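For reference, the structure is listed below as structure tokens.
A, B, ... follow the sequence lines: proteins, then strands. Residue 1 opens every chain. As the structure is a prediction and not an experimental result, all values here were calculated from the model. Atoms considered below: every heavy atom in the structure, side chains included; atoms not considered: hydrogens, waters and symmetry mates.
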Number of protein chains: 2
Amino acid sequence: MTSTPSEPPRRPLTLRDVSEASGVSEMTVSRVLRNRGDVSERTREKVRAAAKELGYVPNKIAGALASQRVNLVAVIIPSMSNMVFPDVMTGITEVLDGSGLQPVIGITGYRPEKEEQVLYEMLSWRPSGVIIAGLEHTDASRAMMQNADIPVVEIMDVDGKPIDSMVGISHRRAGREMAKAIIKAGYENIGFLGTKMPLDHRARKRFEGFTEALAKAGLEIQDKEFYSGGSALAKGREMTEAILKRSPELDFLYYSNDMIGAGGLLHCLSKGIDVPGQIGLAGFNGVELLQGLPVQLATMDAGRSEIGRKAAEIIIRRNTPDQDHAPERLEISPVIQFGETLKRRRK
Amino acid sequence: MTSTPSEPPRRPLTLRDVSEASGVSEMTVSRVLRNRGDVSERTREKVRAAAKELGYVPNKIAGALASQRVNLVAVIIPSMSNMVFPDVMTGITEVLDGSGLQPVIGITGYRPEKEEQVLYEMLSWRPSGVIIAGLEHTDASRAMMQNADIPVVEIMDVDGKPIDSMVGISHRRAGREMAKAIIKAGYENIGFLGTKMPLDHRARKRFEGFTEALAKAGLEIQDKEFYSGGSALAKGREMTEAILKRSPELDFLYYSNDMIGAGGLLHCLSKGIDVPGQIGLAGFNGVELLQGLPVQLATMDAGRSEIGRKAAEIIIRRNTPDQDHAPERLEISPVIQFGETLKRRRK
DNA sequence: TTGAAAGCGCTAACAG
DNA sequence: CTGTTAGCGCTTTCAA
């Protein structure tokens, strides 16, 4: 709202205003508005009426300073446009709703300095907890979380040493298991397609686990293709076309995410390539999108919403007095969905 | 972090700690940490060293209470999983970055009561502005925003009366223009497919504009199909199959979003239906995803990131002293992308 | 260039 | 059940 110059600059309403309007002490007004302590029904009514009438919105800044309590939970994630973090957020929100705690989201764009900055900003509001994606942080970020003396839950990944609690899957293991499934199905000439993102540690770990398991079976990746930026679906098509042109002997393509995998699948379908006969495909994440494709892409459900729920539960538990406040480490087991693009090959 | 029982409960660091560690008054420490006022280089050094050494993170709660200034901007959107709001967020973040203001995101799930609750929660932190999706709010929400006396920018939609500023497109007009383009291309038996979401006002307005323009040309929608929940892509396939089975005479399908449109397109392709010869298709939003499809779906780019940028600019301007603080109303013009699914038909 | 005092709006703790 | 007092940790304001 813009005030016309003549209006006196409106002073935000305070407890005192409600107190005066209702003829009840500030303290009692505060009690009513927070549902704390015993207040007679008559008084409550009066106070609530006055507060509503005036349109009073409490000042949590002052409240938080006085009570040393903040009902905010900092959630720090790399990206929103990812299909994966929205699911995590849904899980977090589900659990936090009704707990009195409120998630506040910060985005890092996969950049450690930005993460540090967002973290600093959020910690300066003294939240009741931090949920943060990944185990890799700058020393400064790590130190801040250590010193904050609030519950910290690192999510998505369990391959590393957490600051406090963690909930996630082992991406190394995920990569290994997918490799084993592919080998078991009889594929031998395997290509890898992924993002050119050195800072996406989870993708990197899956790749490492994948190659490791192949090596154990005496195999290695025949060809690779990486992309950055642009529409993942389109990139998936392009990369698939490119890699198959370059290495026609490939009989399996492992994609680092479902979106490029879907692009690859669409490419194969449009070229009339026999999937999974001539070539098998698999992605990663288990995104809902896949259900809409004409053929079900093999993938691995990373349990995203469960991760969100568990993380939120830990934060709540750690904020409950008289509870065990030990760090919790929780490994979720991802589940391979074979779909129709990863099937035993006839020799 | 969990303290072992023997550790004394750590008291969060305060300015005073830095003051004592550096031998400089609290006030001067505060000046250094905020880069305010003149402080000798020597003193600055000392203070910064002490702060870093201790790992001091300022308490913004106390700072905000004292200064009556909060660098937070409340951003209230219905959903994250939508493909549309991430783009808006990107625009907002781009502009806010480096302005000293920080976006804080709240999610309403398209539910007015939830919006009210999120708004109340956020306003109680006295942010420097509100960016909120849509023009439809409960009376209580509206009143809160009126009374907050901070800049409020309603985004996405301009068909209605804003509380203060607004930036968006006219969805009614968007619907009308798509109808005109379809008619002009020679299609006559038009079907509509959309979400069963009475609270998605923008989708509703597009539908209204669409039918209105058809009516003006003496046409009306021949058949409709609605969905809720599930994978939009999959629903697009299913609905398209259903509507074409029921009404084989249809020669155009207008989808209320690109995701179901893409599903419809995939269905048609897999059935060997001639698009756009036998049947034309169009979606809405201009999402990046479309670029990966084998055929380019007609759509309308709603200028999402521009909306985000403009909204953020307004918030910044309104927080700059000595600027014109009049409400701003900005209509973005959406652009039809004809793709390959909306083309003049040969008679 | 630095410091001291006052107080932001609320709640913890205690008294009645 | 209700009220009083004393801060929470900073910044504003004023004085040195």
Side-chain angles (χ1 to χ4, degrees), chain A residues 9-48 50-51 54 56-71 100 121 123-128 148-149 321, chain B residues 9-48 50-51 54 56-71 100 121 123-128 148-149 321:
Chain A
R10 231 181 315 175
R11 181 182 50 72
L13 294 167
T14 68
L15 257 193
R16 162 170 235 120
D17 296 307
V18 183
S19 165
E20 283 169 1
S22 61
V24 176
S25 78
E26 283 186 47
M27 195 55 234
T28 300
V29 172
S30 167
R31 287 196 183 96
V32 174
L33 267 22
R34 286 178 300 145
N35 293 311
R36 280 293 151 72
D38 293 322
V39 180
S40 74
E41 193 48 48
R42 222 181 92 60
T43 314
R44 305 180 93 81
E45 296 284 296
K46 265 198 301 192
V47 170
R48 276 203 268 260
L54 294 173
Y56 173 68
V57 176
N59 184 333
K60 289 225 183 200
I61 298 171
L65 183 61
S67 67
Q68 310 278 43
R69 227 188 311 283
V70 176
N71 70 335
E121 179 71 23
L123 287 181
S124 72
W125 288 99
R126 302 290 187 263
S128 289
D149 208 37
Chain B
R10 230 181 316 174
R11 181 181 51 72
L13 294 167
T14 68
L15 257 191
R16 161 171 237 121
D17 296 308
V18 182
S19 165
E20 283 168 1
S22 62
V24 176
S25 77
E26 282 187 47
M27 194 55 238
T28 300
V29 172
S30 167
R31 286 195 184 98
V32 173
L33 267 22
R34 286 176 300 146
N35 294 309
R36 281 292 150 72
D38 294 321
V39 179
S40 73
E41 193 48 48
R42 221 181 96 57
T43 315
R44 307 179 90 81
E45 296 285 296
K46 266 198 300 194
V47 170
R48 276 202 269 259
L54 295 173
Y56 173 68
V57 176
N59 184 331
K60 288 225 183 200
I61 299 171
L65 183 61
S67 66
Q68 310 277 45
R69 228 188 308 285
V70 176
N71 71 336
E121 180 70 23
L123 288 180
S124 72
W125 287 100
R126 302 289 187 263
S128 288
D149 209 37

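- Residues A/V32 and A/V39 come closest through the heavy atom pair CG2-CG1, 3.8 Å.
- Note on A/Q68: every side-chain N or O is 4.0 Å or more away from OP1 and OP2 of C/dC10.
- Here C/dC10 presents its C1' atom at 13 Å from NZ of A/K60, a figure rounded to the nearest Å.
- Taking side-chain N and O atoms only, A/Y56 has no distance below 4.0 Å to OP1 or OP2 of C/dG9.
- Using a 4.5 Å heavy-atom threshold, the side chains of A/L15 and A/S30 count as touching.
- As a whole-Å value, the separation of B/E26 CD from C/dG3 P is 11 Å.
- Each of B/S67 and A/A66 lies near DNA chain C, and the nucleotide nearest B/S67 is the one positioned closer to the 5' end.
- Across all non-hydrogen atoms, the minimal contact from B/V70 to B/P127 is CG1-CA, 4.3 Å.
- One interatomic measurement links the two molecules: CD of A/E45 to P of D/dC1, which rounds to 14 Å at whole-angstrom precision.
- Residue B/R69 places at least one side-chain N or O closer than 4.0 Å to OP1 or OP2 of D/dT12.
- Here A/S25 does not reach the OP1 or OP2 of D/dT4: none of its side-chain N or O atoms lies under 4.0 Å away.
- Between B/Y56 and B/T14, the closest heavy-atom pair is CE1-C, 3.5 Å.
- With rounding to whole Å, B/R34 atom CZ is found 17 Å from D/dG9 atom P.
- Listed here is the closest heavy atom pair of A/V29 and A/S22: CG2-OG, 4.1 Å.
- Looking at residues 14-23 of chain A, you'll see that no heavy atom sits under 4.0 Å from any atom of DNA chain D.
- Across all their heavy atoms, B/P58 and A/R126 have their closest contact at O-NH1, 3.5 Å.
- Counting to the nearest Å, the C1' atom of D/dG7 and the CG atom of B/N59 are 14 Å from each other.
- At a cut-off of 3.5 angstrom, counting only N and O atoms as typed in the model, there is a donor on one side and an acceptor on the other between the side-chain of A/R31 and the base of D/dG3.
- Taking every side-chain heavy atom of B/M27 into account, D/dT12 is the closest of D/dT2, D/dG9, D/dT12.
- The nearest pair of heavy atoms linking A/L54 to A/L13 is O-CD1, 3.2 Å.
- Per the geometry, NZ belonging to A/K46 stands 8 Å off P belonging to D/dT2, to the nearest Å.
- The phosphate of D/dT2 has OP1 or OP2 within less than 4.0 Å of a side-chain N or O from A/S40.
- Residue contacts shown for A/D38 include a base, since a base heavy atom lies under 4.0 Å away.
- Going from atom CG of A/N71 over to atom P of C/dT11 covers 12 Å, rounded to whole Å.
- Between A/R44 and A/N35 there is a side-chain heavy-atom pair separated by less than 4.5 Å.
- The side chain of A/R36 contributes no N or O atom lying less than 4.0 Å from OP1 or OP2 of C/dT11.
- In this structure, the CG atom of A/L65 is 12 Å from the P atom of D/dT11, given to the nearest Å.
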